[in-house]
Amino acid sequence: MTGVDPRLSINQATIKAADLATALRVTAEAGVTGIGLWREPVNEVGLDTAARMLADSGLRFTTHCRGGFFTLPDGPERIAALNDNRRAIEETAVLAAAGAEGSTAVLVLVAGGLPEGSRDLAGARERVRDAIGVLAPEARAAGVTLAIEPLHPMFGSDRCVVSTLGQALDLAADFDADVVGAAVDTFHIWWDPQVLDQIARAGREGRIATYQVCDWRTPLPADVLLSRHYPGDGIIDFATLTRAVVDTGYDRDIEVEIFNADIWATEPAEVVRRTAEAFARVVSPHLP
């Protein structure tokens, strides 16, 4: 494929059915130069092997997904979650070092939902803040940025008690911007009436760790997690959101991250091709 935007990165979730070797191969063969990886496929082959495979691919490493799930109360499960995040920080640092020039050591964090039986939303968010406080020094030592990702409010009970970019930035404010930032994902923030102001704030604070794009279309499927679409196939205003991000000075890779059962059932090489075409049509025109 020719004419692929050099800032496009394929988040591995978009081609979920592909193993790591296949994901790296079809991404590179399509002329895409960046990839965001997920922990499960990396751990299937082992971190050292994954790092060698990434290095051999010639691709930039743009994010690692995912850490987080910090809302558990004190106890063995919370300790286990923190230890798992420590492993994720190590993975991120190793993979960023293995990627091509321009790779970034960004670990995306999904905060976690309400613990079973709880209605204490404020308390859950404070546990997220406390967990990031524990992990931030370790991330700094590893050269990794923790990117808090706000998720659409429909995921507030089971996946993420951080629902707006403003909330993510409030959590990040206690920490240096190169250690804790935010993930700006169009699927999750397009609806927020304050989103443009919060993108500008994120830019002023130097906290946009990654910009991710995909589209929103209704009706939503029964499993709302799988309701993402190719950019341009829904109602999100990519022109306004992308220009707002660009206006902050953000000049790094832009990931396409799609969760969609029909797309996952499509041949990975075809998905990458269609993703690149969609990106070129609705995102690239708004990039410098």
Side-chain angles (χ1 to χ4, degrees), residues 1-66 91-92 94-108 183 185-187 210-215 226 228-233 238 242 251-288:
M1 180 184 298
T2 59
V4 175
D5 194 300
R7 292 180 66 176
L8 169 63
S9 174
I10 299 293
N11 185 287
Q12 194 175 2
T14 303
I15 44 175
K16 183 178 174 66
D19 60 18
L20 180 60
T22 302
L24 294 169
R25 176 179 57 80
V26 299
T27 300
E29 287 179 350
V32 178
T33 53
I35 191 167
L37 297 182
W38 274 69
R39 298 187 64 203
E40 292 82 359
V42 166
N43 290 327
E44 281 178 5
V45 301
L47 179 57
D48 291 343
T49 297
R52 288 195 298 271
M53 293 168 65
L54 176 62
D56 290 343
S57 76
L59 296 171
R60 287 187 308 280
F61 174 72
T62 55
T63 65
H64 201 34
C65 292
R66 53 183 163 60
E91 293 166 13
T92 305
V94 170
L95 293 167
E101 183 178 356
S103 294
T104 51
V106 174
L107 174 62
V108 176
D185 185 322
T186 58
F187 180 84
T210 182
Y211 179 42
Q212 298 177 328
V213 298
C214 72
D215 220 333
L226 307 184
R228 297 171 173 232
H229 296 270
Y230 291 110
D233 283 0
F238 291 99
T242 300
D251 59 0
R252 299 191 301 279
D253 292 290
I254 301 170
E255 290 186 1
V256 176
E257 183 185 47
I258 300 172
F259 294 74
N260 183 298
D262 291 336
I263 291 173
W264 287 347
T266 304
E267 184 68 27
E270 172 67 9
V271 173
V272 174
R273 183 190 68 79
R274 290 186 61 184
T275 299
E277 290 178 349
F279 190 93
R281 186 171 61 253
V282 302
V283 179
S284 296
H286 312 292
L287 301 175

Short N-O contact, Arg281 and Glu277, less than 4.0 angstrom: no

Considering non-hydrogen atoms only, spot the tightest contact between Cys214 and Phe238 and give its length. O-CZ, 3.2 Å

Supply the atom-to-atom distance Glu40 CD to Leu20 CG, rounded to the nearest 0.5 angstrom. 12.0 Å

Are the side chains of Ile263 and Tyr230 in contact, using a 4.5 Å heavy-atom criterion? yes

Looking at every heavy atom in both Phe259 and Ala13, which two are closest together, and how far apart are they? CZ-CB, 3.9 Å

Starting at CD1 of Ile15, measure out to CD of Glu270 and round the result to the nearest 0.5 Å. 12.5 Å

Output the distance between atom OG1 (Thr22) and atom CD (Glu29), rounded to the nearest 0.5 Å. 10.0 Å

Considering non-hydrogen atoms only, spot the tightest contact between Ala51 and Ala98 and give its length. O-CB, 3.4 Å

Contact summary for Asn11 and Cys65, nearest pair of heavy atoms: ND2-SG, 3.8 Å

Any side-chain heavy-atom pair from Val42 and Leu47 closer than 4.5 angstrom? yes

Is Arg7 reaching over with its side chain to a backbone N or O of Arg252, donor-acceptor style, under 3.5 angstrom? yes

Would you say the side-chain atoms of Thr27 pair up with the backbone N or O of Leu24, donor to acceptor, closer than 3.5 Å? no

Quick check for you: to the nearest 0.5 Å, what is the distance between Phe279 atom CZ and Asp5 atom CG? 5.0 Å

Only distances under 3.5 Å count here; give the side-chain donor-acceptor pairs of residues 57-64 to other protein atoms, sequence neighbours excluded, each with its distance to 0.1 Å.
| unit_1 | atom_1 | unit_2 | atom_2 | d |
| --- | --- | --- | --- | --- |
| Ser57 | OG | Leu54 | O | 2.6 |
| Ser57 | OG | Leu59 | N | 3.1 |
| Arg60 | NE | Asp253 | OD1 | 3.3 |
| Arg60 | NE | Asp253 | OD2 | 3.0 |
| Arg60 | NH1 | Thr33 | OG1 | 3.2 |
| Arg60 | NH2 | Pro6 | O | 2.9 |
| Arg60 | NH2 | Thr33 | OG1 | 3.0 |
| Arg60 | NH2 | Asp253 | OD1 | 2.5 |
| Thr62 | OG1 | Ser9 | OG | 2.8 |
| Thr62 | OG1 | Ile35 | O | 3.2 |
| Thr62 | OG1 | Gly36 | N | 3.3 |
| Thr62 | OG1 | Glu255 | OE2 | 2.6 |
| Thr63 | OG1 | Glu255 | OE1 | 3.2 |
| Thr63 | OG1 | Glu255 | OE2 | 2.6 |
| His64 | NE2 | Glu91 | OE1 | 2.8 |

Separation of Leu95 CG from Ser103 OG (nearest 0.5 Å): 9.5 Å

Please round to the nearest 0.5 Å and tell me the distance separating atom CG of Leu226 and atom CG of Asp262. 9.5 Å

Report yes or no: does Thr14 contribute a side-chain atom to a donor-acceptor pair with the main-chain N or O of Ile258 at less than 3.5 Å? yes

Heavy-atom closest pair, residues Pro268 and Val26: CB-CG2, 4.2 Å

What pair of heavy atoms forms the shortest contact from Val256 to Pro231, and how long is it? CG1-CD, 4.2 Å

Out of Asp185, Asp215, Asn260, which residue meets the side-chain hydrogen bond (donor to acceptor under 3.5 Å, both in side chains) rule with Arg228? Asp185

